There are 2 protein chains.
Amino acid sequence: MCHHQGMTDATTPRARAREQTMRDLVRIGRVHLATSGAAGLSLRAVARDIGVVSSAVYRYVESRDELLTLLVIDGYDELGDAVDAALASVDATDFAGRLVAIGRAVRSWALSEPATYALLFGSPVPGYHAPSDRTTGPGTRVITRLVQVWEDAWTAGAIGLGDGDVSPRRLSRDLARMRQDQGLTVPDEVISRGLLMWAALFGCVSFEVFGQYGLDTLTQPHDLFEHHLRVLVETVGLGG
Amino acid sequence: MCHHQGMTDATTPRARAREQTMRDLVRIGRVHLATSGAAGLSLRAVARDIGVVSSAVYRYVESRDELLTLLVIDGYDELGDAVDAALASVDATDFAGRLVAIGRAVRSWALSEPATYALLFGSPVPGYHAPSDRTTGPGTRVITRLVQVWEDAWTAGAIGLGDGDVSPRRLSRDLARMRQDQGLTVPDEVISRGLLMWAALFGCVSFEVFGQYGLDTLTQPHDLFEHHLRVLVETVGLGG
DNA sequence: CGAGAAAGGAGAGCGGTGCTCTCGTTTCGT
DNA sequence: ACGAAACGAGAGCACCGCTCTCCTTTCTCG
């Protein structure tokens with residue numbers, strides 16, 4: 001349920017109680033998030049559920065926004081864990097298979113936790129700004145995995161795309177900086193198409209989770225997603 | 001600003017005042033939507049801005065949710081108008097150009113109206129269900145235009161994709177039903193890849209509007225979007 | 001034209017929210 | 001053992017959506 005909470009061993013009973021309360025906060029917070037959404041997440045209601053008066057939770061959490069931050073971090077970590085778990089059972093040289101595994105993991109986690117997915121990838125909560133020093137780490141786990149597959153596939157010579165630059169030069173400069181920051185060797189076209197696959201993957205998942213497809217028109221969204229995954233894997237130059 | 005309000009000619013002063021108040025509601029509502037987001041949209045604050053006490057707005061709008069519905073319809077129509085305006089200046093036989101025009105129109109409208117875009121394509125507002133009889137019409141204008149391009153391009157023989165069915169058969173059945181409902185002749189692969197392009201387009205736009213790309217990593221998001229558009233046009237079999 | 005009906009606005013009020021402050025009580029560190 | 005820190009409870013503030021009542025304005029129709 002809760003992930004990477006940074007369990008410090010409980011020296012004193014009070015410290016142990018505090019950690020338990022923090023865990024309860026995130027746990028009940030997720031329940032309310034699923035019920036009422038990020039906007040309707042009520043600190044008072046969460047307090048009631050953990051059997052404490054509303055003002056008491058401010059001993060643990062600075063504000064409602066910080067509770068949101070805890071839920072964001074917890075969600076990113078759970079998604080990252082799901083992706084890593086799916087990757088564990090795929091042959092490292094099966095690059096297309098690794099991409100497909102990532103895509104399936106993202107989709108199935110999103111469908112099982114739509115409220116948390118909406119918190120992470122839906123409309124930004126108005127007035128709330130996630131503290132990047134705490135969220136970018138867990139928030140970049142998925143794209144990190146995707147990038148690693150492209151890099152591995154490229155160095156293995158498995159990507160059927162040219163190694164030329166991309167136009168215009170402005171874009172090529174942006175991509176070059178990303179390549180340098182991440183220590184990559186993949187060419188422009190792979191980075192660019194990789195970013196497209198990334199955005200498209202979450203576009204497909206968002207459409208499904210947020211109900212943008214007409215609900216009646218699609219009886220088997222899973223099949224459509226699998227087809228889309230195959231096409232997306234092709235677009236990064238990995239024949240599915 | 002406001003679109004397709006169903007202007008009935010004002011017979012009586014009272015009726016005219018009512019229409020003016022309705023327009024003000026949507027207008028001020030959009031301002032507050034941009035400021036506070038869909039969740040923070042306060043009926044009381046809107047009432048204050050139009051110079052009326054909070055209970056008075058219930059003479060015009062059944063609930064806060066109905067005000068949201070008005071904003072949803074207004075937003076869909078504005079987006080649809082933007083797309084149609086962009087299409088007006090494109091040669092009808094330039095199928096790739098029509099797709100690119102639609103994509104650019106969606107992106108630039110979304111960037112200019114991020115709050116309304118978030119209302120339409122972001123996380124669903126918890127507890128709010130758009131009345132489909134009023135929103136599906138304006139809500140399907142973009143996909144309708146996209147579908148029309150694919151159909152036109154297919155009948156003109158401009159799409160370089162096979163006309164075979166898609167696997168598995170469950171998916172093929174879903175696609176066949178869509179083809180029949182919409183009166184289309186395009187084959188499975190075109191419908192499927194078309195839906196992918198649709199979802200991917202909004203995935204790219206959402207990533208940009210919602211700030212999922214690292215803000216510092218991309219200095220020229222426009223260039224990346226143009227590249228993505230070219231690739232997406234290719235994936236539906238229309239050489240860019 | 002004038003009376004009854006309909007519509008609109010103002011205000012009080014209900015229960016809910018996030019958040020702050022104060023006041024005892026409990027627990028910890030020394 | 002004692003001062004300090006942590007904690008829970010409660011009252012209170014300003015805001016929210018929404019309802020109800022009361023009164024004025026406007027329309028409709030005989």
Side-chain angles (χ1 to χ4, degrees), chain A residues 8-26 28-29 31-33 35-72 119 125-131, chain B residues 8-26 28-29 31-33 35-72 119 125-131:
Chain A
T8 72
D9 38 7
T11 55
T12 152
R14 173 172 272 176
R16 216 161 351 124
R18 174 167 252 278
E19 287 188 359
Q20 182 58 46
T21 305
M22 290 294 285
R23 270 190 296 270
D24 287 356
L25 231 51
V26 174
I28 305 293
V31 174
H32 283 237
L33 188 70
T35 308
S36 324
L41 195 153
S42 156
L43 226 153
R44 284 180 119 112
V46 172
R48 273 194 300 270
D49 275 18
I50 65 177
V52 109
V53 90
S54 76
S55 61
V57 306
Y58 286 87
R59 304 284 185 190
Y60 299 88
V61 138
E62 196 186 17
S63 67
R64 177 181 167 278
D65 281 5
E66 194 186 324
L67 177 56
L68 274 182
T69 297
L70 294 181
L71 295 175
V72 165
L119 177 63
V125 179
Y128 168 74
H129 288 284
Chain B
T8 73
D9 38 7
T11 55
T12 151
R14 173 173 272 176
R16 213 158 358 119
R18 173 168 253 277
E19 287 188 0
Q20 183 57 47
T21 304
M22 290 294 285
R23 271 191 296 269
D24 287 355
L25 264 162
V26 174
I28 305 292
V31 174
H32 282 239
L33 188 70
T35 308
S36 324
L41 194 154
S42 156
L43 225 153
R44 285 179 119 112
V46 173
R48 272 194 299 271
D49 275 18
I50 66 177
V52 111
V53 90
S54 75
S55 61
V57 306
Y58 286 87
R59 303 284 186 189
Y60 299 87
V61 137
E62 196 186 16
S63 68
R64 177 181 167 279
D65 282 5
E66 194 186 324
L67 177 56
L68 273 182
T69 298
L70 294 181
L71 295 175
V72 166
L119 176 63
V125 180
Y128 168 73
H129 287 284

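Just so we're clear, the structure is a prediction, and the values are computed from it rather than from any experiment. Below, all heavy atoms of this structure are taken into account, side chains as well, without hydrogens, waters or symmetry copies. By convention in this document, chain letters (A, B, ...) are assigned in the order of the sequence lines, proteins followed by strands, and residues within each chain are numbered from 1.
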**Request:** Rounded off to whole Å, could you give me the CD-to-C1' distance for the A:Q20 and D:dG8 pair?
**Result:** 17 Å
**Request:** For B:M22 and C:dA7, give me the distance from atom CE to atom C1', rounded to whole Å.
**Result:** 14 Å
**Message:** When you measure from the side-chain N and O atoms of A:Y60 to the phosphate of D:dG8, is any distance below 4.0 Å, counting only OP1 and OP2?
**Reply:** yes
**Message:** Closest approach to the side chain of B:R64, judged atom by atom: which nucleotide of D:dG17, C:dC19, D:dA9 is it?
**Reply:** D:dG17
**Short side-chain N/O contact from A:R16 to OP1 or OP2 of C:dC28, under 4.0 Å** = no
**Message:** Any side-chain N or O of B:R18 below 4.0 angstrom from OP1/OP2 of C:dA7?
**Reply:** no
**Prompt:** Does B:R16 offer a backbone N or O that forms a donor-acceptor pair with the side chain of B:Q20 under 3.5 Å?
**Reply:** no
**Message:** Among D:dG10, C:dT17, D:dC27, which nucleotide has an atom closest to any side-chain atom of A:A45?
**Reply:** C:dT17
**Prompt:** Of all the nucleotides listed (D:dT26, D:dG8, D:dT21), which has the minimum atom distance to the side chain of B:R59?
**Reply:** D:dT21
**Complete:** So CG of B:L67 and OH of B:Y58: to nearest 0.5 Å the spacing works out to 10.0 Å
**Prompt:** Roughly how many Å is it from CG in A:L25 to P in C:dG18, rounded to a whole number?
**Reply:** 12 Å
**Gap between atoms CZ and P, on A:R48 and C:dG16 respectively (whole Å)** = 7 Å
**Message:** Students often get this wrong, so: under 4.0 angstrom with heavy atoms, is A:S63 touching a base, only sugar-phosphate, or nothing?
**Reply:** sugar-phosphate
What donor-acceptor contacts under 3.5 angstrom involve side-chain atoms of residues 43-51 of chain A, with partners at least two apart or in another chain?
{"unit_1": "A:D49", "atom_1": "OD2", "unit_2": "A:H32", "atom_2": "NE2", "d": "2.9"}

**Prompt:** Can a donor-acceptor pair be found between the side chains of B:T69 and B:Y128 at a distance below 3.5 Å?
**Reply:** yes
**Item:** Gap between atom CD1 of B:I28 and atom CG of B:L33 - 0.5 Å precision
**Value:** 12.5 Å
**Prompt:** What integer distance in Å separates B:L67:CG from D:dC18:C1'?
**Reply:** 14 Å
**Asked** Any side-chain N or O of B:S42 less than 4.0 Å from the OP1 or OP2 oxygen of D:dG17?
**Response** yes
**Request:** Scan B:L41 against the nucleic acid and name what it touches under 4.0 Å (heavy atoms): base, sugar-phosphate only, or nothing.
**Result:** sugar-phosphate
**Prompt:** Should B:T12 be listed as having a side-chain N or O under 4.0 Å from OP1 or OP2 of D:dC27?
**Reply:** yes
**Asked** Could a donor-acceptor pair under 3.5 angstrom be found where the side chain of A:R44 meets the base of C:dG18?
**Response** yes
**Asked** Please give, in whole Å, the distance from D:dC7 P to A:E62 CD?
**Response** 15 Å
**Request:** Round to the nearest Å and state the distance from B:H32 atom NE2 to D:dC15 atom C1'.
**Result:** 14 Å
**B:Y58 OH - D:dC18 P separation (whole Å)** = 4 Å
**Asked** Relative to the 5' end of DNA chain C, which residue comes earlier, B:R14 or B:V52, by the nucleotide with the nearest heavy atom?
**Response** B:R14
